[in-house]
Amino acid sequence: MSLLKRRFFARPVLEVAPELIGKYLVHQVGDETLSARIVEVEAYAGPEDQASHARFGPTPRAKIMFGPAGMAYVYLIYGMYDCFNIVTGTDGEASAVLVRGVAVASRSTGSGSSPLPGKTNGPGKLCRVLGITRKHNGLDLTTGVPLGIHDRKEPPPSLTATPRIGVDYAGEWASRPWRWVEAGPR
DNA sequence: ATCCAGATGGTC
DNA sequence: ACCATCTGGATA
């Protein structure tokens, strides 16, 4: 397991997002390590992208998207759920990847390991299961502590691209195929 | 299986 | 007023 460095994230979001499928999201909480394989992501680009939080410019909430890549962007949605994003792109170029789904999550301590809900779908549930909240907003993921993205020597998964979820307000931008899912058994 | 209302609070 | 959502209950 190798920790992904800033160089990986500091590229165009449409390049980074699909490559994040199959990577591992690892969260150290106390003496426990929660890890999960990323299986679903969405790309959100700069101010032009009418589905992106960056469309209003660097507001207090979205300003993190305009900063350096490799930072966590966690926001509250619908008053009760948190959503976890990874900032991408070069500094000043706003973009981020929303992590919507993980699989083969596991919890491990010094003594042993136990499976977590083998599957999660939806960004809110994901944060719930992995214990990610707005307190993690602005965290540098490239340090790996307490949160990081790791690579693993595995064959690249095959992907399916679809429009993004829940962005019908975004006009023509809503139909762009900027959501990627690991192609799985039917 | 699908449909839908309600919860709940930050953001613009 | 509007959400990058989820749940439980109703319907079929």
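Convention: sequence-line order gives letters A, B, ...; per-chain numbering from 1.
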Please give, in whole Å, the distance from [N] [atom2] to [X] [atom1]?
X      : N      : atom1 : atom2 : answer
A:I77  : C:dA4  : CD1   : C1'   : 6 Å
A:Y78  : B:dG9  : OH    : C1'   : 13 Å
A:W180 : C:dA4  : CH2   : C1'   : 14 Å
A:L126 : C:dA4  : CG    : C1'   : 13 Å
A:H53  : C:dC3  : NE2   : P     : 10 Å
A:Q50  : C:dC3  : CD    : C1'   : 15 Å
A:K63  : B:dT11 : NZ    : C1'   : 13 Å
A:Y44  : C:dC3  : OH    : C1'   : 12 Å

Within the structure shown, what part of the strands sits under 4.0 Å from [X] by heavy-atom distance: base, sugar-phosphate, or nothing?
X      : answer
A:R164 : nothing
A:N121 : sugar-phosphate
A:L76  : sugar-phosphate
A:R179 : nothing

**Prompt:** Do A:Y169 and A:Q50 come close enough that some side-chain heavy atom pair is under 4.5 Å?
**Reply:**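 They are not in side-chain contact.
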
**Item:** 4.5 Å side-chain heavy-atom contact, A:H136 and A:F84
**Value:** no

**Request:** May I ask you to establish whether A:R11 and A:F8 are in a cation-pi arrangement, using a distance under 6.0 Å from NZ or CZ to the six-membered ring centre and at most 45° from the ring axis?
**Result:** yes

**Message:** Does A:R128, at its CZ atom, have more than 12 non-hydrogen atoms belonging to other residues, nucleotides or ligands within less than 6.0 Å?
**Reply:**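 Atom CZ in A:R128 is not packed in, count stays at 12 or less.
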
**Request:** Would you check if A:Y75 stacks with the base of B:dG10, given a 5.5 Å centroid limit and a 30° plane limit, both strict?
**Result:**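 No, A:Y75 does not stack on the base of B:dG10.
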
**Message:** If you compare every side-chain N and O of A:R128 against the phosphate oxygens of C:dC6 (OP1, OP2), does one of them come in below 4.0 Å?
**Reply:** no

**Asked** Closest to the A:M80 side chain: C:dT7, B:dA7, C:dT5?
**Response** B:dA7

**Listed nucleotide nearest any side-chain atom of A:I165, set B:dC12, C:dT7, C:dT5** =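 Shortest atom-to-atom distance from the side chain points to C:dT5.
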
**Prompt:** Going by distance alone, is a donor N or O of one side chain under 3.5 Å from an acceptor N or O of the other, for A:Y75 and A:R61?
**Reply:**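 No pair is found: no donor N or O on one side chain lies under 3.5 Å from an acceptor on the other.
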
**Prompt:** Where each residue is assigned the nucleotide of DNA chain B containing its nearest heavy atom, which of A:R134 and A:Y81 is assigned the position nearer the 5′ end?
**Reply:**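 Of the two residues, A:Y81 wins.
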
**Message:** Looking at C:dG8, which nucleotide sits across from it as a Watson-Crick or G-U wobble partner, both distances under 3.5 angstrom, or is there none?
**Reply:**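 Result: B:dC4.
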
